[in-house]
Amino acid sequence: MAMVKIKAKVKTKMAKIIDGKAISKAEREKIAKEAEELKNSGILPGLAVIIVGDDPASAVYVRNKERACEEAGIYSEVIRMPENASEEEIIANIEALNANGKIHGILVQLPLPKGLDETKILSHIKASKDVDAFLPENVGLLSLGRPDMLPCTPAGVMTLLAESGIDVCGKECVVVGRSNIVGKPMAMLLLLQNGTVTVCHSKTKNIADITRRADILVCAVGKPKFITADMVKSGACVIDVGINRGDDGKLCGDVDFENVKEIAGYITPVPGGVGPMTITSLLKNTVKSAKNSQK
Ligand code: NAP
């Protein structure tokens, strides 16, 4: 009797999309309430942004920050400086903001025009007003496991995980990218929540073997479709930090979203995933700094 081969139909379950816009909106409502309470107790949280030059992308980011502050009831000031501003002039503005009681957070919009020493300039921001958490003092506190200001984008990722009910404790976490702004502090925050963390970078060998182990995979590389479906474990939580322009001119992340969403358990879209959380963390840090100033 002829054998009939029956092809098993594999049922694929699509990943749950983590809605960064909705989570960010809810977080910003909480922040606005806290800002209102602080205002009623006599302290209006204030953020100052210094922007040097006329990079159009930076101008958009700064406008978004201004708008977000306004919506949250946070006072904001933008100091616009010309492309040819000197290091001394920028530092003088930072020093004035350090001494300004209305300002609790200072941010220098990066990148600065070529020729300016970013590290030197940022080092003049008072650590208590370092709402980007870039300064050695804040980086040091984080690595000692007792952070004060949390680095904005990684803190936003942690909020997305928490709000999605994803417990990091004991999970295999893989972070791709080791920048000072995203990768390294991301690894620190996951470690703080007892994840088992591996960090990959451009010299990592057999990267797919490592990413396939991840229960939580965070990618911050800056290359479209860097993470493909064959690099992801079934059911994993995939967080896409990347912001790139695809060949079609549209914004996209580092993850091949369409194919990875068929494998993953959770996934963040780009746009609308991690992006909105970064400014939300900035607002949170500004309010925290204003609260700290009461002590
Ligand atoms: P970055 O400073 O350029 O760092 C990129 C990292 O990726 C580096 O550590 C690099 O390794 C690693 N990398 C590059 N090629 C690799 C490869 N083939 N295999 C493995 N690792 C590789 O970038 P970033 O500032 O961290 O930003 C990363 C992405 O996130 C960008 O798209 C950026 O626009 C985006 N971003 C988004 C937000 C947000 O709010 N959503 C915030 C910040 C950044 P090496 O160290 O070995 O060079």
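Here, residue 1 is the first one in the sequence, and each next residue gets the next number. One-based numbering, in listed order, for ligands and for the atoms of each.
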Undergrad: Would N138 and D148 count as having a side-chain donor-acceptor pair, cut-off 3.5 Å?
TA: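 No.
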Undergrad: Would you find more than 12 non-hydrogen atoms of other residues, nucleotides or ligands less than 6.0 Å from Y61 atom OH?
TA: no
Undergrad: Give the atoms of ligand 1, by number and element, whose distance to some non-hydrogen atom of T278 is under 4.0 Å.
TA: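 Heavy-atom distances to T278 below 4.0 Å select 39 (C), 40 (O).
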Undergrad: Looking at ligand 1, does C200 have a heavy atom less than 4.0 Å from it?
TA: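 Judged by the 4.0 Å heavy-atom criterion, C200 does not count as contacting ligand 1.
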Undergrad: Looking only at protein heavy atoms, which one is nearest to atom 18 (N) of ligand 1, and what is the separation?
TA: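 Ranked first by proximity to atom 18 (N) of ligand 1 is F226 CE1, 3.4 Å.
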Undergrad: Check ligand 1 against V274 and write out every atom of the ligand that is under 4.0 Å from a heavy-atom position of the residue.
TA: 41 (N)
Undergrad: Take atom NZ in K233; do more than 12 heavy atoms of anything else shown fall under 6.0 Å from it?
TA: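 Yes, the 6.0 Å shell around NZ holds more than 12 heavy atoms from other groups.
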Undergrad: What protein heavy atom sits nearest atom 15 (N) of ligand 1, and how far away is it?
TA: K223 NZ, 3.1 Å
Undergrad: Between the side chains of E34 and K291, is the shortest nitrogen-to-carboxylate-oxygen separation below 4.0 Å, so that they form an ion pair?
TA: yes
Undergrad: Which one holds for N244 and ligand 1: side chain close, backbone close, both close, or neither close, with close meaning a heavy atom under 4.0 Å?
TA: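 Near ligand 1, N244 shows its side chain, while the N, CA, C and O stay back.
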Undergrad: Show, in sequence, the C-alpha distance, side-chain angles and deciding distance for K33 and E37, and conclude whether the salt bridge (Lys or Arg N to Asp or Glu O under 4.0 Å) test is met.
TA: CA-CA 6 Å; K33 251 193 193 155; E37 280 165 18; over 6 Å; no
Undergrad: Considering heavy atoms of the protein only, find what lies nearest to atom 12 (C) of ligand 1 and give residue, atom and distance to 0.1 Å.
TA: G177 CA, 4.1 Å
Undergrad: Heavy-atom count check: over 12 atoms from other residues, nucleotides or ligands less than 6.0 Å from E137 CD?
TA: no
Undergrad: State whether the side chain of D240 and the backbone N or O of D254 hold a donor-acceptor pair below 3.5 Å, judged by distance alone.
TA: yes
Undergrad: Among all protein heavy atoms, pick out the one at the shortest distance from atom 24 (P) of ligand 1; state its residue, atom name and that distance to 0.1 Å.
TA: S179 OG, 3.7 Å
Undergrad: Which atoms from ligand 1 have a heavy atom of G275 less than 4.0 Å away?
TA: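 So the answer, numbered in order with elements, is 41 (N).
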Undergrad: Give yes if a backbone or side-chain nitrogen or oxygen of I243 is under 3.5 Å from a nitrogen or oxygen of ligand 1, and no if not.
TA: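 Yes, since at least one N or O of I243 sits under 3.5 Å from an N or O of ligand 1.
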Undergrad: Tell me: protein heavy atom nearest atom 44 (C) of ligand 1, and distance?
TA: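 Checking every protein heavy atom, the shortest distance to atom 44 (C) of ligand 1 gives V182 CG2, 3.8 Å.
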Undergrad: Answer yes or no: does atom CD of E83 have more than 12 heavy-atom neighbours from other residues, nucleotides or ligands under 6.0 Å?
TA: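 Result for CD/E83: enclosed.
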Undergrad: Look at E27 together with K30 and state whether they make a salt bridge at an N to O cut-off of under 4.0 Å.
TA: yes
Undergrad: Starting from atom 9 (O) of ligand 1, which protein heavy atom do you reach first, and at what distance in Å?
TA: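 Ranked first by proximity to atom 9 (O) of ligand 1 is R178 N, 2.8 Å.
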Undergrad: Within the supplied structure, the quantity of interest is the number of heavy atoms (other residues, nucleotides, ligands) at a distance under 6.0 Å from N40 CG; does it exceed 12?
TA: yes
Undergrad: Nearest protein heavy-atom contact for atom 37 (C) of ligand 1: which residue, which atom, what distance?
TA: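 So the nearest neighbour among protein heavy atoms is V241 O, 3.1 Å.
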Undergrad: On a heavy-atom basis, I'd like to know which of T268, L282, V221, I279 is closest to atom 13 (N) of ligand 1.
TA: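 Minimum heavy-atom distance to atom 13 (N) of ligand 1 goes to V221.
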Undergrad: What protein heavy atom sits nearest atom 11 (O) of ligand 1, and how far off is it?
TA: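 The protein heavy atom lying closest is S202 N, 3.3 Å.
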